[in-house]
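See structure below.
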Amino acid sequence: MTTFVELLVNGVSVGAVYALIALGFVVIFKATEVVNFTHASLLLAGGYLIARLHPVVGFWAAVSAGVAGAAVVGALVEFLVIRRGRVGSHGVLAIVTIGVDILLTTELTRQIGTDVLAMGDPWRDQVVRLGPVTIAETRLVALGVAAALIVAFLLAFKFTGWGVAMRATAEDAETAALMGVRLGRVSLSAWAVAGGLAAVAALFLCVFPTPGLDRSTAAAAMKAFPAAILGGLDSTTGALAGGLIVGVTETMMSGYQGQLAFLGRGIGDAAPYLVMIAILLFRPAGLFGTKEPARV
Amino acid sequence: MAGEAGLEIRDLSVRYGPVRALREVGLTVPRGAVVAVLGANGAGKTTLLRAVSGTLRFHRGGVASGSVFFGGSPLPASPAAVVARGVIQVPEGRRVFGRMTVAENLRAGALGVRDRAAAAGARERVLTLFPVLAERAHQRAGLLSGGEQQMLSIGRALMGCPSMLLLDEPTLGLAPMMAARIAATIGEINAQGTSVLLVEQNAATALALASHAYVLEVGEVALSGPAAELAASDEVRRRYLGVGTPETDRPVGIGSGRTLPRWTA
């Protein structure tokens with residue numbers, strides 16, 4: 001039972017971090033209809049900035065710089081690549097983002113080399129004990145921060161002019177343009193927000209119990225893809241649900257690996273994709289997705 | 001002759017790739033007037049509005065030649081800049097944001113307005129014109145009836161404080177009562193000082209509202225003149241008002257000579 005509670009809390013915490021990544025993914029898809037495969041490298045860029053800057057400027061300033069930096073990288077990808085790409089279909093643009101991702105990731109892994117970079121966070125490996133249950137402080141902070149960011153984001157999405165412009169564009173870009181919405185700005189801000197959220201996620205993916213930022217972090221970020229897809233690519237609610245489902249499943253499968261030995265080792269890593277496939281078999285548009293996400 | 005610094009379209013030609021949709025169309029909407037554009041499906045009416053509002057690129061089209069002036073200076077080709085100049089289009093088929101509430105739809109209409117007091121005033125005006133929108137403020141727009149959606153669509157455009165409204169088939173698909181109501185409201189909006197360019201297939205409604213009218217045929221202006229004159233002309237009556245002698249209403253037979261050459265819609 002103790003193990004179960006610990007795993008559940010850790011799972012929800014990891015899930016909330018995945019939800020941050022998935023949310024950015026969904027926001028970009030809603031605003032521009034582009035499936036953004038660059039997301040993992042945006043995350044890596046944010047994490048890299050935090051890791052490199054914290055010895056120089058301190059942890060909090062480094063986090064701010066990382067978030068801002070990833071937002072700028074996201075905005076640049078939109079401005080220099082997506083906006084210029086006068087190609088017919090969004091499918092082609094998705095392939096273009098794969099190319100951009102490969103470029104960015106290659107450069108960043110070259111910079112990182114074989115190092116494991118610490119994030120310099122103040123929580124280190126401290127744990128909180130609640131009776132028999134032991135939980136890492138980082139997990140609780142991750143949960144709190146991710147929840148706060150998600151709530152703030154959803155409130156902004158619902159109530160601010162930016163949110164209204166975003167949703168109007170997602171529903172009908174041409175009509176939104178007729179209302180005076182500047183589609184370029186909507187798209188730029190979507191990429192920037194997604195980059196910023198990814199940087200925060202990077203921080204929490206690389207703190208305890210993970211040793212730090214290394215070249216495999218981008219692969220960890222890829223688990224947010226099944227989260228976004230199983231939730232429904234065009235649904236913010238779906239991103240949250242998907243993140244939590246993937247986080248909890250992965251943590252549980254890893255935690256109970258002993259009992260699941262017949263499935264082989266490392267089932268935890270495969271779990272997100274298995275869940276995604278299982279869900280898509282029954283709900284092809286994802287849990288909360290619109291039946292036909294592509295607009296006509 | 002160009003009206004008091006209203007909308008002026010000069011020799012406008014538009015292409016969608018290899019397809020020519022408009023050829024050297026000229027049209028003037030004097031300030032404060034209602035001008036109607038009539039024509040069958042595919043005559044280029046919607047294309048004309050797209051060229052004004054800068055949304056041709058959403059349909060892979062572009063202006064091949066000619067120009068659009070508003071208030072004496074050229075209208076830019078970006079939709080947001082056109083809205084900022086006070087020219088706002090109500091798209092065909094209403095196109096309300098169905099997943100957003102009525103209040104959010106109206107808010108979306110005011111996104112181009114910087115001045116908060118002006119936005120509040122516009123909201124007041126819209127809710128006075130269409131009280132039903134206040135009643136349904138928190139309903140999803142997708143759940144409204146067709147007529148209510150058309151009201152929302154017009155109301156949403158009015159939220160942008162337009163000095164010129166472009167209306168694309170506002171009575172299409174509405175019950176006759178509702179169509180009459182929408183037409184009356186358009187007259188009211190115009191009486192409050194907004195110029196209107198009205199594209200319609202329902203020629204009777206359009207000619208009753210407009211002072212001037214143009215008839216588009218296959219991308220060219222076939223006829224134009226004061227609305228009353230057009231309404232009285234035999235050709236318009238026969239083709240667009242559905243009144244005529246039984247002979248001319250019959251389908252064109254072989255060897256029937258010159259009758260309704262392109263009436264194929």
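Note that the structure is predicted; figures quoted are calculated from it, not measured. Within every chain, numbering begins at 1; the chains are lettered A, B, ... in the order of the sequence lines, protein sequences first and strands thereafter.
- Within the 4.5 Å cutoff, the side chain of A/M179 has no heavy atoms near those of the B/M159 side chain.
- The candidate with the highest count of non-hydrogen atom pairs below 4.5 Å against chain A, out of B/G160, B/A110, B/G98, is B/G98.
- No donor-acceptor distance shorter than 3.5 angstrom exists from the side chain of B/E104 to the backbone of A/V164, with no hydrogens or angles considered.
- Other residues, nucleotides and ligands contribute over 12 non-hydrogen atoms within 6.0 Å of the CD atom of B/Q192.
- Within residues 192-201 of chain A, no residue has any heavy atom less than 4.5 Å from a heavy atom of chain B.
- Of all non-hydrogen atoms in B/R107 and A/G161, the two that sit nearest each other are NH2-N, 3.2 Å.
- With chain A as partner, the option from B/A108, B/G112, B/A81 having the largest number of non-hydrogen pairs under 4.5 angstrom is B/A108.
- The environment of CZ in B/R15 is crowded: more than 12 heavy-atom neighbours from other residues, nucleotides or ligands sit within 6.0 Å.
- Using a 4.5 Å heavy-atom cut-off against chain A, the contacting residues of residues 82-96 of chain B are B/V83, B/I88, B/Q89, B/P91, B/R95, B/V96.
- Pairing each heavy atom of A/A177 with each of B/F58, the nearest pair is CB-CZ, 3.8 Å.
- Counting all heavy atoms, side chain and backbone alike, A/G180 lies closest to B/A80 at O-CB, 3.7 Å.
- Between B/M100 atom CE and A/E171 atom CD the span is 7.0 Å, to the nearest 0.5 Å.
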